[in-house]
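One structure is given below, encoded as structure tokens.
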There are 2 protein chains.
Amino acid sequence: MSAAEHTPPADDIGTRLRMVRQIYGLTQRELARRAGVTNGAISLIEQNRVSPSISSLKKILHGIPLSLAEFFTTNFAAADQLFFGVGDFTEIAFGADISMRMVGQSMKNRALQMLHETYQPGADTGLDMLRHTGEEAGIIISGCLTVTIGAQERTLQPGQAYYFRSDIPHRFRNQGDEPCVLISANSPPSF
Amino acid sequence: MSAAEHTPPADDIGTRLRMVRQIYGLTQRELARRAGVTNGAISLIEQNRVSPSISSLKKILHGIPLSLAEFFTTNFAAADQLFFGVGDFTEIAFGADISMRMVGQSMKNRALQMLHETYQPGADTGLDMLRHTGEEAGIIISGCLTVTIGAQERTLQPGQAYYFRSDIPHRFRNQGDEPCVLISANSPPSF
DNA sequence: TCCGAATGTTTAGAATTATCAACAGATTTA
DNA sequence: TAAATCTGTTGATAATTCTAAACATTCGGA
């Protein structure tokens with residue numbers, strides 16, 4: 001271990017609690033009401049002016065709700081960015097006529113990968129079908145996309161969607177004459 | 001969720017702390033000394049007569065040592081049985097002349113599988129080599145065992161050992177004229 | 001058996017935490 | 001602008017936790 005480790009911003013209980021509370025959009029008073037403690041107690045804890053008893057912390061977390069194990073385990077720093085602008089997407093190369101833009105920078109330690117994809121007319125992921133672990137789903141935004149899943153094939157229109165286990169061989173292609181845009185998700189991230 | 005869930009024996013902090021302390025073979029006084037608290041405090045906490053503050057619990061766990069996250073996450077109930085008699089092994093069928101006896105009953109939620117294996121003369125796991133995820137290792141106790149790992153093959157004598165990634169095709173057989181006994185381990189459990 | 005050491009438990013008091021109510025600043029509403 | 005919230009913070013007091021020391025019990029060894 002290096003001594004100057006990348007500091008987790010919420011090593012102290014107070015900051016950690018404040019982060020959680022704000023992520024869940026609660027005020028000190030609202031959380032206090034749900035948990036059955038006073039707002040003052042939460043204030044003092046969040047300022048690290050007192051170290052709560054397990055029973056108090058348990059009550060407070062119950063109002064979120066969150067278990068002690070989740071509270072101490074979850075990496076809230078990883079969830080620090082909740083909203084992503086166009087500039088916060090990462091382009092993933094997949095041929096010249098397929099654009100895949102991933103929400104966020106790195107999928108390390110994430111359970112989900114969300115993509116904004118564009119298939120130009122004629123684009124095709126190829127005859128040797130894709131296969132990987134996990135599950136995936138997508139919804140067509142505009143244009144048409146021909147999706148082959150195992151033995152089944154269908155051309156999806158805007159508003160339609162697919163969902164399948166990713167270990168079933170699959171293939172995507174745009175047989176129309178206008179670009180196809182879709183939003184898709186993989187779990188766990190496949191690249 | 002069912003209401004009458006299988007009760008984890010250490011849902012309360014006190015019992016949980018007592019289990020951990022005893023697993024690590026510490027007395028209240030010894031742990032208190034290491035942690036910089038009094039033995040009385042530990043006694044009261046273990047009896048659930050007080051609910052420790054986070055700072056106290058953190059100090060105490062530091063003396064074990066264990067992090068708060070580990071303390072609340074780890075399933076100590078799974079590690080309740082620490083020692084296993086001959087009767088605590090589970091026989092795993094693997095042909096008539098190969099005996100595999102596993103330490104413990106079930107490998108659910110375990111990271112490691114420990115086996116006591118006996119290969120009768122002529123025993124062979126077969127030409128179509130074994131492959132699975134994880135890693136495995138073993139030490140020969142008596143007799144000889146011919147181990148094939150990928151392109152390499154070697155006949156091991158008592159005291160010798162192997163260690164390889166289990167996704168490399170592998171095969172075991174006893175070409176000698178006396179039974180071969182060995183101890184082996186898989187991580188994660190392969191069956 | 002008796003003694004000594006080791007273990008966990010208990011009690012009174014010091015230290016810390018939680019409550020209640022009041023306070024100050026920011027935002028909304030009339 | 002002023003009134004009315006709503007936010008987080010703070011002080012005095014009540015409640016709880018932690019310490020220090022004594023107590024009770026068990027286990028071995030002389």
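Chain naming here is simple, since letters A, B, ... match the order of the sequence lines and numbering starts at 1 in each.
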* Residues in side chain to side chain donor-acceptor pair (under 3.5 Å) contact with D97(B), at least two apart in sequence or another chain -> none
* Partners meeting side-chain contact (heavy atoms from CB on, under 4.5 Å) with R171(A) (sequence neighbours left out) -> D124(A), T125(A), L127(A), M129(A), T148(A), R173(A)
* Asked: Reading nucleotides 7-21 of chain D 5' to 3', which nucleotides get B (base under 4.0 Å from a protein heavy atom), which S (sugar-phosphate only), which -?
  -> BBBB------SSBS-
* Structure fact -> Applying side-chain contact (heavy atoms from CB on, under 4.5 Å) to R34(B) and not counting sequence neighbours gives L26(B), E30(B)
* Between Y24(A) and Q22(A), a side-chain donor and acceptor under 3.5 Å -> no
* Just how large is the angle between the end axes of the helix from dT1(C)-dA30(D) to dA30(C)-dT1(D), five pairs per end, to 10 degrees? -> 20°
* Asked: Does any N or O in the side chain of N174(B) come within less than 3.5 Å of the main-chain N or O of G122(B), such that one atom is a donor and the other an acceptor?
  -> no
* Structure fact -> Residue set satisfying side chain to side chain donor-acceptor pair (under 3.5 Å) with T155(B), at least two apart, ordered chain then number -> T146(B)
* Asked: Listed by chain and number, what are the side chain to side chain donor-acceptor pair (under 3.5 Å) partners of S55(A), not counting sequence neighbours?
  -> S53(A), S51(B)
* side-chain contact (heavy atoms from CB on, under 4.5 Å) partners of A32(B), counting only residues at least two apart -> V37(B), N39(B), I42(B)
* To do: List for me each residue that meets side-chain contact (heavy atoms from CB on, under 4.5 Å) alongside H116(B), sequence neighbours excluded, and say none if there are none.
  => F89(B), R101(B), T118(B), V181(B), I183(B)
* Range on DNA chain C touched by chain B - first to last nucleotide, heavy-atom distance under 4.0 Å -> dT7(C) to dT10(C)
* Asked: Do any pairs count as a salt bridge (charged side-chain N to carboxylate O under 4.0 Å, His left out) and have a residue in residues 38-50 of chain B, sequence neighbours left out, and if so which ones?
  -> R18(B)-E46(B), R21(B)-E46(B)
